[in-house]
> 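Here you go, one structure.
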Protein chains: 2
Amino acid sequence: MAQSDTVDRILDAAEELFAERGFAETSLRMITSKANVNLAAVNYHFGSKNALIHAVFARFLTPFSSTLEVAFDELEQKCQGQPPTLNQTLWVLTESAIRMPQRNEKGISIFMRLLGLAYTQSQGHLRKFLEQEYGQPFSRFMSLLKEATPELSAVDRYWRIQFMLGATAFTMSSSDALIDILDNKLGVQASVQEIAARLVPFLAEGMKAPDKLQVPPMLSGTTVA
Amino acid sequence: MAQSDTVDRILDAAEELFAERGFAETSLRMITSKANVNLAAVNYHFGSKNALIHAVFARFLTPFSSTLEVAFDELEQKCQGQPPTLNQTLWVLTESAIRMPQRNEKGISIFMRLLGLAYTQSQGHLRKFLEQEYGQPFSRFMSLLKEATPELSAVDRYWRIQFMLGATAFTMSSSDALIDILDNKLGVQASVQEIAARLVPFLAEGMKAPDKLQVPPMLSGTTVA
DNA sequence: TCAGTTCTCAAACGTATGTTTCAAACAGAC
DNA sequence: GTCTGTTTGAAACATACGTTTGAGAACTGA
């Protein structure tokens, strides 16, 4: 074989361990042990641990961003000049993520967790890498959101987008654990797809909320800022 | 002084550094340098790095959970048997957090970020510690949420609470950065209080959303699971 | 077959970490 | 002033990390 499968074994192991434990808490020795590969192989094939992290993201994000661009194209084409609705936009994103070809049964949830970690763990190099490589589809999604919510002020929209990102990143990044807890507590099985189907209307409704908080009358004596 | 201020200097430095960089990425040497304290002081006063992390949380959470219990008592008393509404419950929690006495101008945002990290960074010992020490007020909050949303099924409520937690933890944990970005982009000043005032209605509205996603007609040919 | 390249392997390197040690400095009580 | 328990200080400890090395194996193309 021209390129050994060592590279893929490393990527598989790294992906799973990073998702489980975070980046700083996962050592190269854990990765190479899990992958049944020599320690030096990581630096030989990738150059450094940071480059390995980038490669893990690139393996998923590159095909995903292509899929997404196509899906956005189709959406805009079908809408014929009309701006897509909020529900449509959110759902196209969600569906593109869900329908990505998955390497194993954990599939999407591993990657959602990695994306969540990318946000929450400082890791300056990662943020820079993601912005540089995949900033474009993200910008396009933001534009669609803007067109879908013309009634919102820029400030309102800004904050509510952050709220949406938070709910999504947080939930998806712990989706496995949350699914388990639900099963234990209520004996209900769930899937990432179902979480998404529940998340989208929650987000869409939140985006349409009335302007700002009316302090409940019973608390109106207190200062609010 | 009976107890030197070394302990507080360590806690102050640790709190700030943990919030900035996470737990694993912050070394004891960074902390003791910032605190102008000898390296060994951490292990002398706290016993271990993990115990220091616990102490950082306890310093804030212990008074906060007392405040919260009182606030919940007052709320239930005022409602005279009627279950408090969702908005009231959320706002009492928010207000209790905002009105906590703050050590400095960063105040609440530092702690929100720490709470967010506690969720997202694995740190099994921390999760166990928080559950054990502060599980009670959390359970009470959950009960109030349940009473405030009798129309929701248990499963719906479960997921939507996760969405709320996510939006809150995520936004608050990056509140400083988000406030800066908003200022740069739109020239608008904001405060943690204002974020809260915008977050509460977003969450409340999301909680009341219609049941589940109706797949948009234009996409109904696709499988949804 | 054989030269040239690509890859693997065990071992080591330098550095950073959390923790421990033990002597010195300090505090308050008598 | 001396004694006792508490706190600090500089140094070292053991361990784990990411990375590098250089020799050998495995593969490639002619």
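Per chain, numbering begins at 1; letters A, B, ... match sequence-line order. The analysis underlying the following values was restricted to heavy atoms, covering all of them including side chains, and did not include hydrogens, waters or symmetry mates.
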> Round to the nearest Å and state the distance from B:Phe46 atom CZ to C:dT19 atom P.
13 Å
> Without decimals, in angstroms, what is the distance between A:Ile10 CD1 and C:dC7 P?
12 Å
> Given atom CZ of A:Phe23 and atom P of D:dC17, what is their separation to the nearest angstrom?
17 Å
> How long is the line joining CZ of B:Arg9 and C1' of D:dT7, in whole Å?
13 Å
> Pull out every residue in residues 48-58 of chain A that has a heavy atom closer than 4.0 Å to any atom of DNA chain C, ordered by number, or say none.
none
> In whole angstroms, how far is the P atom of C:dT19 from the CG atom of B:Asn43?
5 Å
> Rounded to whole Å, how long is the line connecting atom CG of A:Asp5 with atom P of C:dT6?
18 Å
> Can you name the side-chain contact (heavy atoms from CB on, under 4.5 Å) partners of B:Ala58, sequence neighbours left out?
B:Thr62, B:Phe129, B:Tyr134
> Test B:Arg113 against B:Glu20 for salt bridge (Lys or Arg N to Asp or Glu O under 4.0 Å), laying out the working first.
CA-CA 8 Å; B:Arg113 173 137 178 81; B:Glu20 271 173 26; over 6 Å; no
> So what does A:Thr32 hit on the nucleic acid, given a heavy-atom distance under 4.0 Å: a base, only sugar-phosphate, or nothing?
nothing
> Tell me whether the side-chain N/O atoms of B:Thr6 come closer than 4.0 Å to OP1 or OP2 in D:dT8.
yes
> Residues two or more places apart in sequence or in another chain: which of them pass salt bridge (Lys or Arg N to Asp or Glu O under 4.0 Å) with B:Arg29?
none
> Going by the rule side-chain contact (heavy atoms from CB on, under 4.5 Å), which residues pair with B:Ala14 if we only count those two or more places apart in sequence or in a different chain?
B:Phe18, B:Ile31, B:Leu52, B:Val56
> Looking at residues at least two apart in the chain, or sitting in another chain, which of them share a ring-ring contact (aromatic ring centres under 6.0 Å, His included) with A:Phe64?
A:Phe60
> Shorter than 3.5 Å, N or O on both sides, protein versus nucleotides 9-14 of chain C: list them out with atom names.
{"unit_1": "C:dA10", "atom_1": "N7", "unit_2": "A:Asn38", "atom_2": "ND2", "d": "3.4"}

> Which residues pass the salt bridge (Lys or Arg N to Asp or Glu O under 4.0 Å) test with A:Arg9, sequence neighbours left out?
A:Asp5
> Does A:His45 have a side-chain nitrogen or oxygen under 4.0 Å from the phosphate oxygens OP1 or OP2 of C:dT8?
yes
> Whole angstrom is fine here: how far is it from CD1 in A:Ile31 over to C1' in D:dT19?
14 Å
> Between C:dT17 and B:Ser27, is there an OP1 or OP2 to side-chain N/O distance shorter than 4.0 Å?
yes
> Run the ring-ring contact (aromatic ring centres under 6.0 Å, His included) test against B:Phe141 and tell me which residues pass, sequence neighbours left out.
none
> Once you round it to whole Å, what is the distance between P of C:dG18 and CG of B:Leu28?
4 Å
> Might you work through the salt bridge (Lys or Arg N to Asp or Glu O under 4.0 Å) test for A:Arg198 and A:Glu194, ending with a clear yes or no?
CA-CA 6 Å; A:Arg198 289 179 185 280; A:Glu194 204 192 316; 3.1 Å; yes
> Considering only residues two or more places apart or on different chains, which pairs with a residue in residues 34-57 of chain A satisfy salt bridge (Lys or Arg N to Asp or Glu O under 4.0 Å)?
A:Glu16-A:Lys34
